[in-house]
**Q** 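Sharing a structure, written as C-alpha cells. Questions coming.
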Amino acid sequence: MIEHADGTRTPLIDASVHIFFPSNKDLRAVLREPFKSRGFPDYEMDWYGAPGGEYAPNAEGPDGQYPGSDPEVVAHELFSKRGVDVAVLHPMGRGIMPDRHLGSALHAAHNEMMVSRWLDSEKFGDRFRGTIRVNPDDIAGAVREVERWRDHPRVVQLGIPLQSRELYGKPQFWPLWEAAVDANLPVAVHIEVGSGVASPPTPSGNTRTYEQYVGFMALNYLYHQMNMIAEGVFERFAGLKFVWADGAADFLTPFVWRMDCFGRPHLEQTPWAPRIPSDYLADHVYFVQGSLDGPPRDAEFAGEWFGFTGKDDMVMFGSSYPHWQSADVRNLPAALSAEQREKLCWRNASGLYGIDIAVGSGAQ
C-alpha cells in the first residue's frame, strides 16, 4: 500500500521485478550434463552497459551475491520500503543461444530456481508471482516447459526475449501461443540481458552508445505487434494476451494510428485479420510502465495522453528492480486521474494475473 502526494492510498502490484542466480557457479549447480559443462554468456555480457552500472545501489546480497538474487533483500526493498503488496518476478536469462537445447536448459534452470527459492518460499512466497521462461527458438521444448509449470498456483505468465530472430506473428510460433492460451497464461516479452545471438537493436544496425540503445531498443515491440496483427494471431487466438514488459507504451498511439491509416484501405490483403488493426489491442495488449516512458511528471497533458488508444487499460506499473532505473511509483505524473492511477498501480495487473490484492498481501 502506498500513499500518493494528494494523501490517497493505493494498493501496489509491481509487475516487473527481475531476479537472477547469485552466480554462474550457482546456475551450473542446477543444470544437468551435458549443459552443466557448456559455455554460456554471463548476465552482463552485453554490448551496451549502463555507464554508471547496471544496478541500483545496495542491491547485492549480504555476502555480495548478484543483485536481485537474494529473496530476503528483494522482499525487504519491495515490501518493507516501497509499499509493494505483490511482486511479479521475471527471471533474466541469456537471450537466444546458438544451440536451442542449451537455451532451453538455461530457461528450465531459471524456472527451477524461481519456483523453489521464491514462489515456494514459506516466508515470502504468498507475495511473489512468477514468470516461467520458455525458449521461442525451441517450440517443442517451450511447450513442455509450459506443461510442467502451468498448474503452479503462483505462476502467472510466460516470458520470452524481445530479441527474437523472427517476428512473433509468424506461424512457427503459433503452437506456443496456443499452449499459452490453453494454460490461461499471458506472454511477457522483455529485453534480455546476457546477449545470445540477438539481431542488432535497430533495423539499420547497431547504435554507438548505451543512450541510443536504451532509448530505441524497446521500439522493437512494434515490429512484433504489428506483425502479429497482420498475421491474424489475435484473430486466431482470441484468448492470447501479450505483455510488452519493457515499456514503450508511449510509442503505441502514433504507430497504431499509422497502422490504421494504411491498413484500413487494404484489409482485403489480410482476410484472416478482418478488423481495423487498433481493434485488436483491447484485451490482447498490455505494457509494463517504468520510469523511462511517456510524458514528464509535471506535464499537464500526461493524463490525456495516457487515455489515448485505451492505454490506461493496458499499462501496469513495474519497477524493474534491481536495475539502475528502478522506478518509484510515487513519481507518477501528477495529471493522472485517480482512476488512471488505480489502474496503473494495481487494477490492470490484478485483472490480468488474477491476483486478489486483499489476499496474502499487506493491502487492506
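Keep in mind that this is a model prediction, so the values were computed, not measured.
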**Q** Are E339 and K343 side-chain neighbours, meaning at least one heavy-atom pair lies under 4.5 Å?
**A**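 In contact.
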**Q** Given the ring of Y353, does R129 sit roughly above its face, with NZ or CZ under 6.0 Å from the centre of the six-membered ring and within 45° of the axis?
**A**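 Judged by the rule, R129 and Y353 form no cation-pi pair.
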**Q** Does the plane of the ring in Y66 sit parallel, tilted or perpendicular to the ring in F20? Use 30° and 60° as the thresholds.
**A**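 Correct class here is tilted.
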**Q** Using the salt bridge (Lys or Arg N to Asp or Glu O under 4.0 Å) rule, pick out the option among E192, E112, E145 that qualifies with R133.
**A**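 Passing option: E192.
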**Q** Does R258 have any side chain to side chain contact (heavy atoms under 4.5 Å, CB included) partners at least two apart in sequence or in another chain, and if so, which?
**A**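 Listed in chain order: F262.
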**Q** Parallel, tilted or perpendicular: which fits the ring planes of Y168 and F242, with parallel below 30° and perpendicular above 60°?
**A**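 Answer is tilted, since the angle falls between 30° and 60°.
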**Q** Students often mix this up, so state it plainly: with edges at 30° and 60°, are the rings of H90 and H190 parallel, tilted or perpendicular?
**A**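 Tilted, since the angle between the ring planes falls between 30° and 60°.
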**Q** Classify the ring geometry of F308 against W257: parallel below 30°, tilted from 30° to 60°, perpendicular beyond 60°.
**A**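 The rings of F308 and W257 sit tilted, inter-plane angle from 30° to 60°.
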**Q** Could you pull out all residues at least two apart from F255 that satisfy side chain to side chain contact (heavy atoms under 4.5 Å, CB included)?
**A**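 For F255 the side chain to side chain contact (heavy atoms under 4.5 Å, CB included) partners, ignoring immediate neighbours, are L219, L222, F251.
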**Q** Taking NZ, NE, NH1 and NH2 as the nitrogens, is one of them in R165 or D137 under 4.0 Å from a carboxylate oxygen of the other?
**A**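 D137 and R165: salt-bridged.
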**Q** Does the plane of the ring in F128 sit parallel, tilted or perpendicular to the ring in F79? Use 30° and 60° as the thresholds.
**A**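 F128 and F79: tilted rings.
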**Q** Taking NZ, NE, NH1 and NH2 as the nitrogens, is one of them in D99 or R38 under 4.0 Å from a carboxylate oxygen of the other?
**A**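 The answer is yes: the pair qualifies as a salt bridge.
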**Q** Can you name the side chain to side chain contact (heavy atoms under 4.5 Å, CB included) partners of R236, sequence neighbours left out?
**A**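 Once residues adjacent in sequence are excluded, the partners of R236 under the side chain to side chain contact (heavy atoms under 4.5 Å, CB included) criterion are W174.
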